[in-house]
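Every chain is numbered from 1 and lettered A, B, ... according to where its sequence line falls, protein lines coming before strand lines.
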Amino acid sequence: MSLAVDSLVKRFERFPALNGVSFTAPQGAFLALLGPSGSGKTTVLRILGGLEYPDAGSVRFADLNWLDVPARERRAGFVFQQYALFRHMTVAENIGFGLSVRPRRQRPPRAEIARRVEELLALVQLEGLGKRYPNQLSGGQRQRVALARALAIEPRMLLLDEPFGALDAKVRKELRGWLRALHERMGITTVFVTHDQEEAFALADLVAIMNAGRIEQYGTLEDVRRSPKTAFVAEFLETAPLKKADASRHRGDGHPG
Amino acid sequence: MSATGLAAAGLSKPRWRNRSILPGFGLSLGFTVFYLSAVVLIPIAALVIRPWSIGLGGFWHVVTDHRVLAALKLSFGGSAIAALINTVTGPIVAWVLVRYRFPGRRLLDALIDLPFALPTAVAGIALSTLYSPQGWLGEPLAHLGLKLAFTQGGVIIALTFIGLPFVVRTLEPVLADLSREPEEAAATLGATRFQTMRRVVLPSIAPALVTGTTLAFARAIGEYGSVIFIAGNLPGISEIAPLLIVIKLEQFDYAGAAAIGVVMLAASFILILALNLLQNWTRPYR
Amino acid sequence: MKRWRSPTSDHPLTSIALALIAVGVVAIFLVLPLATVFAEALRKGLDVAWAAIDEPDARAAIRLTLLTATIAVPLNAVFGISASWAIAKFDFRGKQLLTTLIDLPFSISPVVSGLIYVLIFGLQGWFGQTLRDWDVKVIFALPGIVLATMFVTFPFVARELIPLMIDQGRDEEEAATSLGASGWQTFLRVTLPNIKWGLLYGVLLCNARAMGEFGAVSVVSGHIRGLTNTMPLHVEVLYNDYQFVGAFAVASILALLAIVTLVLKSVLEWRFADEIAAVHQH
C-alpha cells in the first residue's frame, strides 16, 4: 500500500494553504512533514485523514482513489495535537470507541473489545488505567491513550498532528523513542507533522520540508541534510545541528515512555 | 476615605476581609445590604413567618386541601412536562442557531428572547386567543380533536413558551465553545454522524441541558400571567397554584395564601440549591 | 470529484429537517403569539385600536406604568452598581451568599413577590393597622406597585454588572486610587466608562420587565380602574370584560416595547459582543 499524493491545492477563503503538493512514500514508511507554522503541513495531514478536501489534486493509497473514500471508511488513525479524547468516557471506553461504533455485522462482541483494549493498554504501557478519566491523566498519558485509540481500529495509515507539541521536553523525548519502536514493530504507514526538526530527524525515514504551501525538498534525512536544494531548506536546517538523537535512532534502542 | 487613610487603618480592619486600597467598601457594601434587606429579605421573612399564625396543623390543613393539592400538582406537573418538551426542542433550536449558517439566523436568534422581553399578560392573552377554538392554531387543532384552550393542555403550552429561551440560551454558549476535534476524532474512528452525535456531542452538553431544563422548570412553576388566560382556572382541574394564592388573598385568607407561598418559596430554594450543586458537579469533571 | 462533506457537518437531509424543526418551533411558539397581538388589535381597523388607547383609563395606565418604571429602574440601577462594586472590587466572607441572595427574586414566582408585600403592608399585614392609622396607602396604591416592581426587577442590573466588573478586574481602579483619585472620581472616570454598555444592557432589561410586570403588581394593586392599573393590568381588565380589541390594542404598545427592547439588545450585543460575552460566561 504505497501512498501517492499528486498536486494538492487548497485555499481557505482567500488564503492559499497548499500550492501544489506532491510526494510518494512506500508502504510502511515513516514520513515527516516538517516546516514552520502556516506552511500547510497540517492541511496535508487533514486531507489524508478525510477532515479536509482539496480544491485540486489527487491521492492514491491502498490502490484506492483515497479522496473518494469518506473519512469514516478510511481507517486512517488520527492523533490530534490536543489529544481530542472523549472527556466523559473512561480511558477504556475511549480506546474501544472505534470498535464499538462498527456496523453490527462487523462489531466484535463486548468481551472481545475489552480484550483488545487491555492489549492496547499494555502496548502503550498504561495497564490498569482503563477505568480512569482523561482529566485524571498526565499529558503524556493522554497522548498515549490517543495513540492507542487510533491503533484500536487497525488503521492502514497513521496520522499524527504535532502529537508531542503540548508536552514538556523530557516526556517528548521518551514518547519519541517509544513511537519509533512502535512503528518498527507494527509497520503502519505513518505521516506525522512537526515544526521541530530534531523530532523529524529522530523519527522519520523520509522528510518533506514545507514552506508556504509547497514542498521545498523531499527525501531521506541524509539527502536533505547533505544537499539542501533551496535557500529556505538550508536556512531552516541550519537552526539545529545534528544531534545524538540521530545516532541512537540508527541503533534502534528507543524506549517506550 | 483616602488611600493612605485606608492603608494606615488597615491594621485595625476586621480580619474577615482582605485589605484593598480601593475606597468605598463601607459605603457600597452597606448600601447593598440595606437595600437587599429592605426590598428582599425582610419581605421574604414576612412570608415565611406568616403561615405559622395558624400553627403547624393549620398550615398542614391548608396545604393538603384537595383544591390546593390539585393546583400544586398542576403547577409542578405541568412545568415538568413543559420543561421536558423544551429538553427536546431546545437542543435542536440551539444546534441550528450555533452550527448552521443561513439568512435570517440572527433574526431567529433574537426572537428566542421574546418570552423574556414580552410582558406575561400580553403573552397570556395572545396564547389564549391563538389556541381558542376560533384561533389560528386552535381551529385546526380542534379539527384534529385537540382542545387546548381552557384546559391543562393550554397550561402546558404556555409554560413551554416561557421555558424555551432558558434551555436554548443555556445551551448556546456551550455548543459554541465545543471543540470540533472530538467529532473529527470520532469520524476518523469510523463513527457515523448519528453515532457521533449520540455518544460524543450529546454527553458533552448534557450538564448544560440539565441546567437549562431546571431553570425552565423553576420559572414555570411560578408563572402566572402567561398561564391564567389560557388555563380555564377551574378549581381542582385547571387552576394553577399562583392563582390560588391570589384568590385566597382576595378572600383575606392571608395565612392560607402565605402557606401556599411558603411551599412555592421552598421549591424555589431547593431548585436554586440543586442548580448550584449542578454547577459544582460539572466543573471538576472538566 | 464527488461532492464532499466535512465529517463534522450533518447530512444535508438531517440539516434540513433540523432547521425546519427549529424554525417551526420558533414560529409556532414565539412568532405566532406575537403576530396575534397585532392582528387582533387591528381586527376592527386602526381607528378602533387607537380609540382604545386614547381613552382615559388607558392613558392613566400608561402614565402609571411609566411612573413606576421611572422610579424603580434608576433605584435598581444604583443598587446594581453598588452591589457589583462591593462584590467585584473587594474580597469578603459571605460574598457568595450575597450573590445568591441577589439572584433570589429571579427564582420566586411573581405572585409570591406581590404576596410578601401584602403580608407586610396589607390590612392584615404587619404594618397594616399602623398605615391605616396614619392614612398612608401602600397596598392598592402607587407605593405598593413600585415596591413590588422593584422586587421583581431587582437583580437585573446587578446580574449584568457583577460578572462584567469581576472580569474587568481591579487594576485600573487601584491605579487610579494610588494616583490619588478619590472614590467617586475613580468610579466616575475609570469604572463607569468601562461598564457603560453592560449598565445600559442591564437597564434595558430591567426597564422591559418593570413595564411589563404583571403577577406581582396584580396582587398589590387592587385593580382600581384609572388609579392603580398599570398597562398589563389594564390589558387584563379589558380582556376579562370581553373588550378584546381594546385589550390587544394596549397590549400592542407593550409588544412594541418588547420588540424595541429586543432590537436594542441585539444591537448592543452585536456592537459590544466581547464585553457582554464576558458577562454571560457565568
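Contact annotation for C/Ser266: only side-chain heavy atoms (C-beta onward) come within less than 4.5 Å of a heavy atom of chain B. The contact between B/Arg106 and chain C is made entirely by side chain atoms (from C-beta outward), counting heavy-atom distances below 4.5 Å. For chain B, the nearby part of C/Pro105 is the side chain; its heavy atoms alone come within less than 4.5 Å. Of the two parts of B/Leu137, only the side chain, counted from C-beta on, holds a non-hydrogen atom closer than 4.5 Å to a non-hydrogen atom of chain C. With a 4.5 angstrom heavy-atom cutoff, C/Phe154 touches chain B only via side-chain atoms. In this structure, chain C has heavy atoms under 4.5 Å from both the backbone and the side chain of B/Ile42. If you measure heavy-atom distances from C/Asn76 to chain B, the contacts under 4.5 Å come from both the backbone and the side chain. With a 4.5 angstrom heavy-atom cutoff, B/Tyr131 touches chain C only via side-chain atoms. With a threshold of 4.5 angstrom between heavy atoms, C/Ala35 approaches chain B through its backbone and through its side chain. For a residue to count as touching a neighbouring chain, one of its non-hydrogen atoms must lie under 4.5 Å from one of that chain's; by this rule C/Leu262 touches chain B with the side chain only. For C/Ser218, the part sitting under 4.5 Å from any heavy atom of chain B is the side chain, from C-beta outward, and nothing else. Both the backbone and the side chain of B/Ile44 come within less than 4.5 Å of a heavy atom of chain C. Looking at B/Phe229, only its side chain comes within 4.5 Å of chain C, counting heavy atoms on both sides. Proximity to chain C is limited to the side chain of B/Tyr100, based on heavy atoms less than 4.5 angstrom apart. Contacts between B/Arg193 and chain C at a heavy-atom distance below 4.5 Å involve the side chain alone, from C-beta outward. With a 4.5 Å cut-off on non-hydrogen atoms, B/Leu41 touches chain C through its side chain but not through its backbone. Using a 4.5 Å cut-off between heavy atoms, B/Ile112 touches chain C through backbone and side chain atoms alike. If you measure heavy-atom distances from B/Ala258 to chain C, the contacts under 4.5 Å come from both the backbone and the side chain. In this structure, chain C has heavy atoms under 4.5 Å from both the backbone and the side chain of B/Val93. Contacts of B/Leu265 with chain C are made by side-chain atoms alone, with heavy-atom separations under 4.5 Å and no backbone atom involved. Within the 4.5 angstrom heavy-atom criterion, only side-chain atoms of B/Leu249, from C-beta onward, approach chain C.
Aromatic ring centroids of C/Phe79 and B/Tyr35 lie under 6.0 Å apart. Taking the centre of each ring, B/Phe166 and B/Phe116 come in below the 6.0 Å mark. For an aromatic pair to be called close, the ring centres must be under 6.0 Å apart, and C/Phe156 with C/Phe106 satisfies this.
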### Query
Given the rule in the side chain to side chain donor-acceptor pair (under 3.5 Å) test, do C/Ser82 and B/Thr32 qualify, once you have shown the distances and angles that lead to the verdict?
CA-CA 6 Å; C/Ser82 162; B/Thr32 300; 2.8 Å; yes
### Task
Take B/Val246 and B/Tyr224 through the side-chain contact (heavy atoms from CB on, under 4.5 Å) test and state the conclusion after the steps.
CA-CA 10 Å; B/Val246 172; B/Tyr224 178 69; 3.7 Å; yes
### Task
Assess whether salt bridge (Lys or Arg N to Asp or Glu O under 4.0 Å) is satisfied between C/Glu40 and C/Arg43, documenting all intermediate values.
CA-CA 5 Å; C/Glu40 290 297 318; C/Arg43 187 175 272 263; 2.8 Å; yes
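There is a side-chain donor-acceptor pair under 3.5 Å between C/Thr191 and C/Glu173. Residues C/Ser15 and C/Asp10 bring no donor and acceptor atom of their side chains to less than 3.5 Å of each other. Of the N and O atoms on the side chains of B/Thr129 and C/Thr36, not one donor lies less than 3.5 Å from an acceptor on the other residue.
Taking C/Phe151, C/Phe244, C/Trp184, C/Phe121 one by one and counting their heavy-atom pairs under 4.5 Å with chain B, the maximum is reached by C/Phe151. Ranked by heavy-atom pairs under 4.5 Å with chain C, the first of B/Gly261, B/Ala187, B/Gly222, B/Ala241 is B/Gly222. Counting heavy-atom pairs under 4.5 Å between each of C/Ile87, C/Ile21, C/Val25, C/Leu115 and chain B puts C/Leu115 at the top. Heavy-atom pairs under 4.5 Å with chain B were tallied for C/Gly215, C/Ala158, C/Ala208, C/Ser107; the largest tally goes to C/Ser107. Most heavy-atom pairs under 4.5 Å with chain B, from the set C/Val31, C/Leu34, C/Leu205, C/Ile259: that is C/Leu34. Most heavy-atom pairs under 4.5 Å with chain B, from the set C/Val250, C/Thr100, C/Leu104, C/Leu204: that is C/Leu104. Put simply, of C/Val235, C/Val118, C/Thr186, the one with the most heavy-atom pairs under 4.5 Å next to chain B is C/Val118.
For B/Gln251, the CD atom sits in a packed shell: over 12 heavy atoms of surrounding residues, nucleotides or ligands are nearer than 6.0 Å. More than 12 heavy atoms of other residues, nucleotides or ligands sit less than 6.0 Å from atom CZ of C/Arg5.
Between the side chain of C/Lys265 and the backbone N or O of B/Ala117, no donor-acceptor pair lies under 3.5 Å.
Of the inter-residue distances, the one linking B/Ile260 atom CD1 with B/Asp253 atom CG reads 8.0 Å to the nearest 0.5 angstrom.
Shown here for B/Ile162 and B/Ser226, the closest heavy-atom pair between the two residues is CD1-OG, 3.4 Å. Looking at every heavy atom in both residues, C/Gln185 comes nearest to C/Gly180 through OE1-O, 4.4 Å.
A salt bridge does not link B/Arg105 to B/Asp109: none of the charged nitrogens lies less than 4.0 Å from a carboxylate oxygen.
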